[in-house]
Structures are given as C-alpha cells and as structure tokens.
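In this chain, numbering begins with 1 at the start of the sequence shown.
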Amino acid sequence: MRKVLFAIAIFATLYVTQYASAERDWEYWSQESFFFPVNKRLSFLMLPEWRFKEDMHNVYLFKLENGLAFKINEFLEVAPYYVYQEKKSGAIWDRADLVYFDTSLKLELKNLWGIKLSNRVRYQYDFDKDKTTFRNAAKVSRSFNVGKLKISPYFSEEPFYDAKLERITEHRTAAGFSFELTKNVSFGLGYMLNSKKGTSKWTYANVLVSNLGIKF
C-alpha cells in the first residue's frame with residue numbers, strides 16, 4: 001500500500017510541476033471554511049478567502065462565499081452560494097457579485113484501500129460581467145492515521161469552461177495534505193499549478209494554498 005501511495009505522490013508531483021517555470025509569479029491563497037450544521041441534512045457555510053500575488057507580498061483578491069448545503073443522501077449534496085468579491089486591478093478595487101450552484105458526488109472505495117473520490121460540478125454566474133462559467137473539480141484522496149492525527153493526501157484537477165467564449169480558459173491542478181486536528185478543526189496545505197488562457201496562449205502561476213476548516 002505504501003508503494004502505491006508513493007507512486008501516486010511521485011506522479012502528482014511530476015504532473016503539477018511540469019510547468020514549474022511559471023510565467024506568472026508565486027501566489028498564496030489563504031482559505032477558511034466555517035460550517036454551521038442546522039440539522040442532519042442542512043448546513044450553513046461561510047468561506048472567506050484572501051489571495052496574494054507578486055511573490056505572496058500583495059493582496060489582490062478577497063471573496064466571501066455564503067451558502068447552504070443540502071445533503072440529498074449519503075453520496076449526493078447540492079449547495080447554492082452568494083459570493084461577494086473584491087479584486088484589485090491596478091490601483092482600483094473592483095467589486096463583483098456572483099452566484100454558485102454546486103452538485104457534489106462523494107464516494108469511498110472501501111474495497112480499494114479506502115480511497116475517496118469526489119466530483120463537484122459548479123455553475124458560476126458573474127452578474128457584473130454577465131459571464132457564465134462551468135467548473136468541474138475532481139479529487140482523489142486517502143486517509144490514514146499517524147498516532148492520533150488523521151492525514152489525507154490528495155490530488156485534484158479543475159477545468160473552467162467559459163460559456164461565452166465556448167472554450168476552457170483555466171485549469172487548477174493541485175496536490176497536498178489535509179490534517180484533521182480535532183473532530184471539529186482541520187488544516188490543509190498544498191501546491192497548485194494555476195493555468196490561464198487569454199486571447200493567445202496559456203500562462204502559469206505556482207500557488208501555495210492553505211485551508212483552515214472549523215465545524216461548529
């Protein structure tokens with residue numbers, strides 16, 4: 001089993017670093033997740049995020065996602081979100097209002113080393129730009145214990161499809177680890193290769209991503 005996990009880690013590392021000479025600078029995305037269960041099937045979510053560029057020195061984006069997650073059954077969940085966003089363009093901060101609608105499928109392959117698979121399909125609409133984007137985040141992970149600490153290495157891929165341009169304009173390929181510190185607190189740290197295509201070519205940025213999750 002260790003050999004399999006080691007092979008997966010090596011593959012993920014090679015895949016996400018194949019464009020290590022990124023044309024854009026290093027970025028840092030600080031993500032936080034707050035979960036407020038209402039009952040067994042319904043939860044309220046708040047997800048603030050800050051993004052820093054220019055080798056992680058200057059903040060250029062803040063957004064706050066507010067959503068309701070409805071658990072349909074053991075495997076399927078849907079969640080609508082309202083998203084408030086501020087993004088710095090030059091010296092000016094531009095505000096945007098967005099909506100997300102997520103449909104998430106989660107499976108645990110207990111007969112295959114307990115590997116977990118998840119797939120989130122997201123409809124995203126930007127009111128200010130009148131822009132519709134479809135996103136598909138696929139993730140594979142596997143949890144194991146080191147003493148009392150639960151660790152989950154993961155690998156994920158998420159393409160963005162611009163409905164107006166009728167093509168994929170962004171990819172997020174990531175690998176990392178999440179740590180379950182307590183029953184209600186988790187922390188994650190990973191590397192992401194963020195690929196974007198403008199009018200002519202793809203550009204790349206190396207991104208350090210952290211996530212702090214708290215469940216009340």
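Side-chain atoms of Leu68 and Leu45, non-hydrogen and from C-beta on, never get closer than 4.5 Å to each other. The closest side-chain heavy-atom distance from Thr103 to Leu76 is below 4.5 Å. Side-chain contact between Val140 and Lys116 is absent, with no heavy-atom pair separated by less than 4.5 Å. Pro37 has its side chain within reach of Lys215: a pair of non-hydrogen atoms, C-beta onward, lies under 4.5 Å apart. At a threshold of 4.5 Å between non-hydrogen side-chain atoms, the residues Glu32 and Trp50 count as touching. Put simply, the side chain of Tyr191 does not reach to within 4.5 Å of the side chain of Val207, judged on heavy atoms. By the 4.5 Å heavy-atom criterion applied to side chains, Tyr60 and Glu54 are not counted as neighbours. Using a 4.5 Å heavy-atom cutoff, the side chains of Arg135 and Arg172 are in contact.
Of the candidates Ser33, Ser186, Ser30, Ser178, Asn211 forms a side chain to side chain donor-acceptor pair (under 3.5 Å) with just one, namely Ser33. A side chain to side chain donor-acceptor pair (under 3.5 Å) with Glu158 is found for one member of Arg120, His171, Arg122, Lys139 and no other, namely Arg120.
Hydrophobic clustering (side-chain heavy atoms under 4.5 Å, transitive across Ile, Leu, Val, Met, Phe, Trp, Tyr) keeps Leu107 apart from Val78. Cluster annotation: Phe160 is not connected to Phe101 through the hydrophobic network of ILVMFWY side chains, with a link wherever side-chain heavy atoms come within less than 4.5 Å. Linking Ile, Leu, Val, Met, Phe, Trp and Tyr whenever their side-chain heavy atoms come within less than 4.5 Å puts Phe187 and Tyr28 in one cluster. In the hydrophobic clustering of this structure, Trp29 does not group with Leu47; members are Ile, Leu, Val, Met, Phe, Trp, Tyr whose side-chain heavy atoms approach within less than 4.5 Å, directly or through other members. Ile168 and Leu165 fall into different hydrophobic clusters, where Ile, Leu, Val, Met, Phe, Trp and Tyr residues are linked whenever their side-chain heavy atoms come under 4.5 Å apart, directly or through other members.
Between Lys196 atom NZ and Glu170 atom CD the span is 5.0 Å, to the nearest 0.5 Å. Remark: Arg142 CZ to Glu108 CD distance equals 10.0 Å, nearest 0.5 Å. Interatomic distance, NZ of Lys129 versus NZ of Lys164, reported as 10.0 Å (0.5 Å rounding). Atom NZ of Lys148 sits about 13.0 Å away from atom OG1 of Thr182, to the nearest 0.5 Å. Here the CZ-OH distance, from Phe127 to Tyr82, works out to 9.0 Å after rounding to the nearest 0.5 Å. With rounding to the nearest 0.5 Å, the separation of NZ in Lys197 from OH in Tyr204 is 9.5 Å.
The two residues Pro80 and Phe70 come nearest to each other via the heavy atoms CD-CE1, 3.9 Å. Here the closest non-hydrogen pair linking Asp126 and Asp128 is OD1-N, 3.0 Å. Closest approach of Gly190 to Tyr154, counting heavy atoms only: CA-OH, 3.6 Å. The two residues Pro153 and Phe144 make their nearest non-hydrogen contact at CD-CE2, 3.6 Å. Pairing each heavy atom of Trp93 with each of Glu86, the nearest pair is CZ3-O, 3.7 Å. Between Ser152 and Ser143, the closest heavy-atom pair is OG-OG, 2.6 Å.
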- Message: Run the side-chain hydrogen bond (donor to acceptor under 3.5 Å, both in side chains) test on Asp130 and Tyr125 for me, step by step, so that the C-alpha distance in whole Å, both residues' side-chain angles and the decisive distance to 0.1 Å come before the verdict.
- Response: CA-CA 7 Å; Asp130 187 23; Tyr125 182 73; 2.5 Å; yes
- Task: Might you work through the side-chain hydrogen bond (donor to acceptor under 3.5 Å, both in side chains) test for Asn194 and Glu27, ending with a clear yes or no?
- Result: CA-CA 10 Å; Asn194 182 229; Glu27 296 188 11; over 6 Å; no
- Decide yes or no on side-chain contact (heavy atoms from CB on, under 4.5 Å) for Leu61 and Gln85, but give the supporting numbers first. CA-CA 7 Å; Leu61 184 144; Gln85 178 175 288; 4.0 Å; yes
- Please lay out, stage by stage, how Phe179 and Leu149 fare under the test side-chain contact (heavy atoms from CB on, under 4.5 Å). CA-CA 7 Å; Phe179 307 87; Leu149 184 64; 4.1 Å; yes
- Dump the intermediate steps for side-chain contact (heavy atoms from CB on, under 4.5 Å) on Val83 and Tyr100, then the final yes or no. CA-CA 8 Å; Val83 183; Tyr100 297 163; 3.6 Å; yes
- Task: Would you check, one step at a time, whether the test side-chain contact (heavy atoms from CB on, under 4.5 Å) holds for Lys106 with Glu74?
- Result: CA-CA 8 Å; Lys106 300 178 181 180; Glu74 183 181 356; over 6 Å; no
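Atom NZ of Lys131 sits in a sparse spot, with 12 or fewer heavy atoms from other residues, nucleotides or ligands closer than 6.0 Å. The local environment of CD1 in Ile92 is sparse, with at most 12 non-hydrogen atoms from other residues, nucleotides or ligands closer than 6.0 Å. Environment of CG in Asn111: sparse, with no more than 12 heavy atoms of neighbouring residues, nucleotides or ligands closer than 6.0 Å.
A donor and an acceptor atom, one from each side chain of Asp97 and Tyr84, are nowhere located under 3.5 Å apart.
The main-chain N or O of Gly147 is never found under 3.5 Å from a side-chain atom of Asn145 such that the two would form a donor-acceptor pair. No donor-acceptor pair closer than 3.5 Å links the side chain of Asp102 to the backbone N or O of Ser104.
The aromatic ring centres of Phe134 and Tyr123 sit less than 6.0 Å apart.
Under 4.0 Å is where a charged nitrogen must lie from a carboxylate oxygen, and between Glu65 and Lys63 at least one such pair does.
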